[in-house]
Protein chains: 2
Amino acid sequence: MKLSDRQQRMYDFIRDFFQENQYPPTIREIGEAVDISSTSVVNYNLNKLVEAGLIERNKEVSRGIRLSETPGFSLGGLFSRSVPILGHIAAGQPITVFPDERDSADTLDLASDVVGRAQEVYALRVQGDSMIDALVDSGDLVILNYQKTANNGDMVAAWLTDREETTLKYFFLEGNQVRLQPANANYDPIIVPADKVEVQGKVIAIIRQLG
Amino acid sequence: MKLSDRQQRMYDFIRDFFQENQYPPTIREIGEAVDISSTSVVNYNLNKLVEAGLIERNKEVSRGIRLSETPGFSLGGLFSRSVPILGHIAAGQPITVFPDERDSADTLDLASDVVGRAQEVYALRVQGDSMIDALVDSGDLVILNYQKTANNGDMVAAWLTDREETTLKYFFLEGNQVRLQPANANYDPIIVPADKVEVQGKVIAIIRQLG
DNA sequence: TTGTATCACGAACGAGTGTTCTAGTCAAAT
DNA sequence: ATTTGACTAGAACACTCGTTCGTGATACAA
């Protein structure tokens with residue numbers, strides 16, 4: 001279905017308005033924006049947009065206009081997760097991370113497709129190559145779900161209370177010891193008593209951005 | 001500032017309502033949801049939420065409530081990019097991809113942080129291990145920007161017109177030949193005349209999701 | 001011409017909706 | 001006991017806003 005110039009302008013306005021105000025415009029606001037004096041004309045063309053599948057309307061509801069999802073754009077969840085990048089994590093020379101700091105201006109928006117149902121999510125930038133065999137490179141972003149426990153084989157960020165270091169490794173609980181296994185033949189596993197290790201989170205995704 | 005139980009329920013309702021309907025609720029709808037008979041009480045507590053910085057209000061505008069951005073949530077752009085997952089791409093036994101098919105129900109929502117300013121973006125799921133040394137595993141999602149040209153060293157999806165195959169490789173233009181270099185010592189580079197290769201897109205990001 | 005479909009205009013109706021005013025409750029402070 | 005501040009209730013008002021109706025212009029087909 002082809003849109004008239006007017007209808008196209010209306011649709012553009014609705015989208016822009018929605019983006020700006022976070023709520024849809026009223027019929028009269030649309031009319032004013034596209035120079036239509038009559039609300040019934042706006043209403044008429046609004047219904048055309050519905051027929052065209054571009055928007056949806058709720059009857060008798062003020063501002064009851066919704067943008068349909070169109071290819072290329074999604075309102076998916078409408079909320080993307082704003083994931084704080086809390087700092088760097090090592091794999092080699094461990095570095096302190098502060099999972100409690102929420103001030104960090106650095107955040108990454110992720111749609112829930114990537115993050116999933118995870119509860120408390122944060123990101124760390126990897127430094128070092130100790131997880132290289134797990135296909136995690138220096139510079140990659142690892143997305144973690146904050147949790148204090150892990151299963152064997154999970155890739156976790158672990159806090160070593162004795163060394164006061166945090167490191168990215170595979171987690172294995174063996175008796176009352178924890179083996180933190182790097183994925184790099186050049187590094188040895190770290191084996192410490194279970195009570196000297198605090199799991200900071202489990203890696204749920206890895207993102208690498210290329211130039 | 002601490003929220004009363006009522007205010008917390010109101011905020012939750014507003015967020016859920018907005019998520020569901022794509023427009024904010026009216027005062028009376030809020031009141032009904034949290035069992036407040038008086039609109040003035042809703043109005044009163046709504047102003048408390050404004051003071052707490054959780055929402056913003058527009059005076060004398062129906063449904064004039066906006067959610068403030070709070071840590072953990074972002075309305076970022078409000079629109080995320082809906083990236084179609086067009087299929088699998090090989091690295092070994094190449095598989096045909098159809099960059100023109102937009103019907104694929106499989107899409108991935110990505111916030112613009114990951115996608116960047118890229119224009120036409122699509123995703124492919126990697127099959128095979130020919131790029132393993134580039135830390136791209138079988139099962140990974142590669143995000144590509146659709147473009148017909150590439151620079152030397154770019155990781156690209158390339159269409160081989162003779163073989164009618166698409167493959168994921170590093171791109172090198174050498175004279176009037178193109179070398180498609182795998183990142184796996186077990187595979188040999190593919191060298192073909194430049195006019196027998198069509199670049200389908202350049203990899204801009206790699207995403208791996210773990211259990 | 002006549003009929004029909006599309007689109008536009010203006011006006012009015014009535015329900016939707018934010019605002020405001022008065023009054024009341026309750027706990028803590030004076 | 002009195003006052004103060006925080007919160008709740010109910011009602012009324014006036015503007016907001018979707019809907020509907022009558023009218024008319026234009027284009028195209030019968």
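Naming convention: chains lettered A, B, ... in sequence-line order (proteins, then strands); numbering from 1 in each chain. Computation of the quantities below employed the complete heavy-atom set of this structure, encompassing side-chain atoms and omitting hydrogens, waters and symmetry-equivalent molecules.
Whole-Å rounding puts the Ile27(B) CD1 to dT20(C) P distance at 11 Å. Protein atom CG of Asp35(A) is 10 Å distant from nucleotide atom P of dC9(C), rounded to whole Å. Put simply, CD1 on Ile36(B) is 11 Å from C1' on dA9(D), counting in whole angstrom units. Regarding Ile65(A), its CD1 atom lies at a distance of 18 Å from the P atom of dG16(C), rounded to whole Å. We find that OH of Tyr23(B) is positioned 14 Å from C1' of dC17(D), with the value rounded to whole Å. In this structure, the CG atom of Asn58(B) is 11 Å from the P atom of dC17(D), given to the nearest Å. Summarising the geometry, the separation between CD1 on Ile30(B) and C1' on dT17(C) is reported as 12 Å, rounded to the nearest angstrom. Here dT20(C) presents its P atom at 16 Å from OH of Tyr44(B), a figure rounded to the nearest Å.
Within the 4.5 Å cutoff, the side chain of Tyr11(B) has heavy atoms near those of the Ile55(B) side chain.
Below the 3.5 angstrom threshold, one finds no donor paired with an acceptor across the side chain of Arg28(B) and the base of dG16(C). One donor-acceptor pair, N or O on each side, does fall under 3.5 Å between the base of dG10(D) and the side chain of Ser38(B). At a cut-off of 3.5 angstrom, the base of dG10(D) holds at least one donor-acceptor pair with the side chain of Ser40(B). At a cut-off of 3.5 angstrom, the base of dC9(C) holds no donor-acceptor pair with the side chain of Ser37(A).
Remark: Ile207(A) CD1 to Ile207(B) CD1 distance equals 4.5 Å, nearest 0.5 Å. With rounding to the nearest 0.5 angstrom, the CD1 atom of Ile14(B) is 5.0 Å from the CG atom of Leu46(B).
Nearest-nucleotide assignment on DNA chain D puts the 5′-proximal partner with Asn45(B), out of Val61(B) and Asn45(B). Toward the 5′ end of DNA chain D lies the nearest nucleotide of Arg6(B), the other residue of the pair Thr39(B) and Arg6(B) mapping further downstream.
For dT19(C), one of the phosphate oxygens OP1 or OP2 lies less than 4.0 angstrom from a side-chain nitrogen or oxygen of Arg57(B). Remark: Asn43(B) is in phosphate contact with dT19(C), judged by side-chain N or O atoms under 4.0 Å from OP1 or OP2. Phosphate proximity of dC17(D) to Ser62(B): present, with a side-chain N or O under 4.0 Å from OP1 or OP2. Between Lys48(B) and dC7(D), a side-chain N or O to OP1/OP2 separation shorter than 4.0 Å is present.
Glu60(B) CD: 12 or fewer foreign heavy atoms inside a 6.0 Å radius.
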**Asked** side-chain hydrogen bond (donor to acceptor under 3.5 Å, both in side chains) between Asp12(B) and Gln8(B): does it pass, once the steps are laid out?
**Response** CA-CA 6 Å; Asp12(B) 290 343; Gln8(B) 185 63 51; 3.2 Å; yes
